[in-house]
> 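Below is a structure I'd like to ask you about.
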2 protein chains.
Amino acid sequence: MANREGPLSGLVVIDLTRVLAGPYCTMVLSDLGARVIKVEVPEKGDDARHIGPFIGGKSAYFSSLNRDKESIALDLKAAEGREIFDALLARADVLVENYRPGVMEKLGYDWDSIHQRWPKLIYAAASGFGQTGPYRNRAAYDMVVQAMGGIMSVTGQPGAPPTRVGSSIGDITAGLFTAIGVNAALYHRTQTNSGMFIDVSMLDSQLAILENAIVRYAATGTPPGPIGARHPSITPFAAYRTADGYLVIAAGNDSLFAKLTEVLERPELLNDERFTTNDLRTQNVDALSLELEATFAGKSTADWLSLLEAAGVPCGPINNVEEALNDPQLRARNMVVTMDDPDMGTLEVAGNPIKLSAFGDPSTRGPVPDLDGDRQAILDWLGTP
Amino acid sequence: MANREGPLSGLVVIDLTRVLAGPYCTMVLSDLGARVIKVEVPEKGDDARHIGPFIGGKSAYFSSLNRDKESIALDLKAAEGREIFDALLARADVLVENYRPGVMEKLGYDWDSIHQRWPKLIYAAASGFGQTGPYRNRAAYDMVVQAMGGIMSVTGQPGAPPTRVGSSIGDITAGLFTAIGVNAALYHRTQTNSGMFIDVSMLDSQLAILENAIVRYAATGTPPGPIGARHPSITPFAAYRTADGYLVIAAGNDSLFAKLTEVLERPELLNDERFTTNDLRTQNVDALSLELEATFAGKSTADWLSLLEAAGVPCGPINNVEEALNDPQLRARNMVVTMDDPDMGTLEVAGNPIKLSAFGDPSTRGPVPDLDGDRQAILDWLGTP
């Protein structure tokens, strides 16, 4: 319960969130130094405690999202639970929840009531579709918002079945936008002494990350489709097959393309009228791929990468998760941190990508709480008998 | 130049960023009310001004990232440019850049120098690989970090060629983490009166969004591969073919699976011993898909969606960009905003997904600045003759 290091040190977050979008947000807040108290449903707790994979009988999935948090189980429909919850809110700076809209209202903890009782409290709600609009009462999961928000329509191979982004970016981006909102509201509170309500939806967040697909549609009137592993308007900027696998290159301008042709010992490509500008290379992307892969086939990925790196052509291997976790740069950046757990042993999880000069970046994170595991310490802190 | 509404209203951000990760971050800060002054290279400006698609001779790509910002062109290698830049930093709250590490040092604007001269200034650097570590001097592009960070290894169809996530989430997530860092540092500054340096890398950000792929590797020792459009451990949670296209469903628990079998009028699936629990459904995912698609083939996507919605089974269409932009929920949430531009006409771009009770959410955003277009107004504000 000691204040941890970080810009949000000393702040208390009451965390009603479950599964992914909300817990991801409060993990970011915890990594920034806030004290995060999970308020969980008695007996069952956060649904993610029951989602695999399991290690030593414990959800590794839950663990990867809830390190360094505290837990108290409260029944918000019972008087005793509500009394403790009220005492928590009275001490808290931020409340985060990711229930379906309406649940908090039914419990009497809608924004208007909360703001009246605790005017400095910041209240952030992450939901599938948001607190307003025709779909507000529908349940959403990552799969649904990835599909509806458009990103699946531009991800995958042309003509192949639909492809989901392989991590739950519907949840994660909503968690990130919510974390931005909370931090901005914390700053604003120092100017006004007042909290505010933050309403972030997973579907909205998907539209917000569609990027150039929106303006490509605006420019052409045609919705863009999936194009595999290449960039729609920069060429060569794609994955290519080598003698033993694949590599990616990102030769984003004429000078990098010239360097690439040197590394490949294919000087004639530089003067080939199909490839003299980025626009022409993009128009003739398939022809260029054939030419490049004919040469890439002659050496291994590792050999090509060392030649390309030496020449300063942006490139990289397509790492699997094991290779990424062992990447020297990610290790040097402390992006793989450990958690010691009595049941799971030492678990490696992703670190905090926000590196701050004013604070350290611990390579070990505190364990996940047992359900209700911090009850007595929290009650003592509240002064509740 | 009037202060806009938002929690960061009154704050000034000096924006040296180019292309995507940095501009995305400062767009978020601008949407939160900060005044963002782009400091661009004379004549050429932000590289994104020259990246297509173009509408009316202007980059729609640049426009979608730089609405509501101001522009001044400064040569930071010349005395006059540096003098104005220093005056800007003296007035600013935040400096954001996304140069390759070392560029700012060469210009004399490394963190130590900046912090000594302007101790309250917050300085955020978004880069490909970060300010430290063995790859710090390498150039990275979205394609490279998507490949190296592991997300491409879990995105795509099994056995098919590598698949990139169809928007530049390498850049965008780095922009989001940088925006979180800036906001947290702004809060912290109110407690300490001191700025800090924020170092975010695109590669780190990719590891931070890998989510359950990391713990699946930890639990099994085997790096997970791509699995198309389904969830690795929740079933049925995938895209399915219908009579006229596809839909997605996310039946994340037994009760939703029961509802699904009712909608499909396939009660026998509920008692099929292969499908009685989520774990069994995941083990027998291909058999279940065959059963479900046999039935889904009998009606159109629209027909199934209305039946599934009525039954409360989370589901959705796979929208293309046009369909997403016209989705009633996204429209109701003001997630498609307009920008009026003298050359491009009215351009629709993504809105701000952070909805705040204390502030409005304008449905029209200010236009992008011409290169150096705000020079005189900025100089007047600085009081420079």
> Let me know if A:I180 has heavy atoms under 4.5 Å from chain B in its side chain, its backbone, both or neither.
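For A:I180, the contact with chain B is made by backbone and side chain together.
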> Heavy-atom distances under 4.5 Å only: say whether B:V28 touches chain A with side chain, backbone, both or neither.
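The side chain, not the backbone.
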> Taking A:S167 for the side chain and B:I209 for the main chain, is one N or O donor matched with an acceptor at less than 3.5 Å?
yes
> So which residue, A:G181, A:S168, A:S205, ends up with the most heavy-atom pairs under 4.5 Å with chain B?
A:S168
> Which region of B:L20, side chain (C-beta onward) or backbone (N, CA, C, O), has a non-hydrogen atom less than 4.5 Å from a non-hydrogen atom of chain A, or is it both or neither?
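It is the side chain, since no backbone atom gets that close.
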> Could you label the plane-to-plane angle of the A:F177 and B:Y24 rings as parallel, tilted or perpendicular, counting under 30° as parallel and over 60° as perpendicular?
tilted
> Can you tell which part of A:E309 gets under 4.5 Å to a heavy atom of chain B, answering side chain, backbone, both or neither?
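Just its side chain gets close to chain B.
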> What part of B:L207 gets closer than 4.5 Å to chain A, counting heavy atoms only: side chain, backbone, both or neither?
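Both backbone and side chain of B:L207 come within 4.5 Å of chain A.
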> I need the residue from A:P353, A:A332, A:A358 with the largest number of non-hydrogen atom pairs under 4.5 Å to chain B.
A:P353
> Using non-hydrogen atoms and a 4.5 Å limit, figure out which bit of A:T132 sits close to chain B: side chain, backbone, both or neither.
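Backbone plus side chain of A:T132, per the 4.5 Å heavy-atom cut-off to chain B.
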> Could you give the distance from CD1 (B:I318) to OG (A:S153), rounded to the nearest 0.5 Å?
9.0 Å
> Check whether A:Y246 gets within reach of chain B through its side chain, its backbone, both or neither, counting any heavy atom under 4.5 Å.
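A:Y246 touches chain B through side-chain heavy atoms alone.
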> Backbone N or O of B:A160 within a donor-acceptor pair of the A:Q157 side chain at under 3.5 Å?
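No; zero donor-acceptor contacts below 3.5 Å.
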> Are the aromatic ring centres of A:H188 and B:Y187 under 6.0 angstrom apart?
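Centroid distance A:H188-B:Y187: not below 6.0 Å, so no.
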> Check whether B:S201 gets within reach of chain A through its side chain, its backbone, both or neither, counting any heavy atom under 4.5 Å.
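For B:S201, heavy atoms of backbone and side chain both lie under 4.5 Å from chain A.
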> Say you draw a straight line from OH of A:Y217 to CD of B:E322; how long is it, rounded to the nearest 0.5 Å?
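So the gap between those two atoms works out to 3.5 Å.
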> Give, as side chain, backbone, both or neither, the part of B:E348 having an atom under 4.5 angstrom from any heavy atom of chain A.
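Only the backbone of B:E348 comes within 4.5 Å of chain A.
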